[in-house]
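Heads up: the structure comes next, in structure tokens.
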Amino acid sequence: MNPVIKSPTPLPEKTGLTVFLAGPMKGAPKWQRTVPKLAESLGIDGVTFLNPYPCQRWVGWKKQVDWESAALAYADIVLFWIPNQAEVVEGRDYAQTTRMELLESLALGRKVILGIDTDIHAADYMRYKARHYGVTHIHKTLEGCLKELKEELMDIVDNLMRP
């Protein structure tokens, strides 16, 4: 089983590959919970998932943002999955923070895997900017993202094994 570290758990000394599970939380389905089991079913093993969904009661926005910023920098790969909105949150544009984190990750040159569901506001802009920064595959399903993740992890391991 792939371990999961949830916000605001301190990040341990790095011992293996890490993947940050980026995407909306407010108004979104809790897709991050399904990733470890789905990854295992696809043969992904030996990776630690960084889940921004808090493991306890809400910790406050500043502590949450600080943890997420540290975890994004710590991660080897940032997997962005932007699912269709599950519920409306009054006074909030769905995935507003996710859009900023995506553009920041792209601008900083982080390895990004991106999936955008079918009915997402500003999806065309996110796809355009992602392609501008070199993202060649933009998935329509979480499973597609995880299949790309498996390929990326195999490439990383292969490169580490080369003399």
Side-chain angles (χ1 to χ4, degrees), residues 1-56 58-83 94-117 120 122-123 126-127 129-130 133-157 159-160:
M1 184 64 134
N2 296 303
V4 178
I5 300 172
K6 294 176 88 174
S7 169
T9 306
L11 299 170
E13 184 175 323
K14 200 163 193 174
T15 59
L17 297 171
T18 56
V19 176
F20 185 93
L21 301 176
M25 291 190 293
K26 292 185 179 182
K30 293 175 179 49
W31 62 271
Q32 296 92 339
R33 293 179 182 173
T34 67
V35 170
K37 188 169 269 197
L38 184 56
E40 188 177 302
S41 75
L42 292 170
I44 297 172
D45 192 28
V47 63
T48 298
F49 289 105
L50 306 173
N51 184 348
Y53 207 88
C55 62
Q56 58 194 28
W58 183 245
V59 296
W61 75 268
K62 186 175 181 331
K63 190 170 186 177
Q64 180 70 21
V65 168
D66 289 347
W67 186 90
E68 287 183 26
S69 296
L72 281 162
Y74 178 88
D76 298 294
I77 298 172
V78 183
L79 188 154
F80 279 89
W81 172 237
I82 307 169
Y94 182 64
Q96 67 186 33
T97 303
T98 298
R99 291 192 298 264
M100 287 188 242
E101 289 173 343
L102 172 60
L103 291 176
E104 176 185 32
S105 292
L106 292 169
L108 290 173
R110 293 183 177 131
K111 174 59 188 159
V112 168
I113 294 174
L114 176 60
I116 303 172
D117 215 337
I120 303 298
M126 287 186 283
R127 286 185 194 101
K129 293 304 278 187
Y133 281 101
V135 176
T136 55
H137 297 94
I138 301 172
H139 305 279
K140 294 180 180 174
T141 65
L142 178 57
E143 291 79 6
C145 292
L146 288 170
K147 286 177 183 174
E148 183 179 343
L149 174 62
K150 181 178 180 178
E151 292 171 13
E152 286 295 327
L153 293 171
M154 289 177 4
D155 285 348
I156 290 170
V157 170
N159 287 333
L160 291 174

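With sequence neighbours excluded, no residue satisfies salt bridge (Lys or Arg N to Asp or Glu O under 4.0 Å) with Arg33. Scanning for salt bridge (Lys or Arg N to Asp or Glu O under 4.0 Å) contacts around Lys14 gives Asp76, with sequence neighbours left out. Legend: residues meeting side chain to side chain contact (heavy atoms under 4.5 Å, CB included) with Ala122, ordered by chain and number and at least two apart, are Arg99. Applying the side chain to side chain contact (heavy atoms under 4.5 Å, CB included) criterion to Pro29, with sequence neighbours excluded, gives Pro83, Ala86, Tyr94. Remark: Lys62 pairs with Asp66 by the side-chain hydrogen bond (donor to acceptor under 3.5 Å, both in side chains) rule, at least two apart or across chains. Remark: Glu40 engages Met1 in a side chain to side chain contact (heavy atoms under 4.5 Å, CB included) (not counting sequence neighbours). Considering only residues two or more places apart in sequence or on other chains, Leu11 meets the side chain to side chain contact (heavy atoms under 4.5 Å, CB included) condition with Ile5, Leu50, Trp67, Ala70, Ala71, Tyr74. Applying the salt bridge (Lys or Arg N to Asp or Glu O under 4.0 Å) test to Glu68 and every residue at least two apart in sequence or in another chain returns nothing. Scored by the salt bridge (Lys or Arg N to Asp or Glu O under 4.0 Å) test, Asp45 finds no partners at all (sequence neighbours excluded). Applying the side-chain hydrogen bond (donor to acceptor under 3.5 Å, both in side chains) criterion to Thr48, with sequence neighbours excluded, gives no partner residue.
Between the Lys150 side chain and the Leu42 main chain, a donor and an acceptor come within less than 3.5 Å of each other. Remark: the backbone N or O of Ile82 is not paired with any side-chain donor or acceptor of Asp117 at under 3.5 angstrom. Put simply, the side chain of Asn2 gets close to the backbone of Val47: a donor and an acceptor are under 3.5 Å apart.
Sorted by first then second residue, the side-chain hydrogen bond (donor to acceptor under 3.5 Å, both in side chains) pairs that include residues 137-148, not counting sequence neighbours, are His139-Glu148.
Taking CD of Glu101 as the start and OG1 of Thr98 as the end, the distance is 5.5 Å to the nearest 0.5 Å. Interatomic distance, Phe80 CZ to Leu102 CG, rounded to the nearest 0.5 Å: 5.0 Å. Atom OG of Ser7 and atom NZ of Lys63 lie 8.0 Å apart (nearest 0.5 Å). Taken to the nearest 0.5 Å, the CG atom of Leu79 stands 5.0 Å off from the SG atom of Cys145. Rounding to the nearest 0.5 angstrom, the gap separating the CG atom in Leu21 from the CD1 atom in Ile113 is 10.5 Å. Atom-to-atom distance recorded for Asn51:CG and Lys30:NZ is 11.0 Å, nearest 0.5 angstrom.
For the pair Gln64/Pro8, no side-chain contact is recorded, criterion being any heavy-atom separation below 4.5 Å from C-beta on. Met126 is listed as a side-chain neighbour of Ile120, based on a closest heavy-atom distance under 4.5 Å. Side chains of Trp81 and Leu114 form no contact here, defined as non-hydrogen atoms less than 4.5 Å apart. Two residues are said to be in side-chain contact when any heavy atoms from C-beta on lie closer than 4.5 Å; Leu153 and Leu17 meet this criterion. Contact of the Lys111 side chain with the Val78 side chain is not registered, since no non-hydrogen atoms from C-beta on lie closer than 4.5 Å.
Among all heavy-atom pairs drawn from Met25 and Pro54, the shortest one is SD-CD, 4.3 Å. Minimum interatomic distance between Leu72 and Ser105 (heavy atoms only, all atoms of both residues): CD2-OG, 4.1 Å. The shortest heavy-atom contact between Ile138 and Ala130 is CD1-CB, 4.1 Å.
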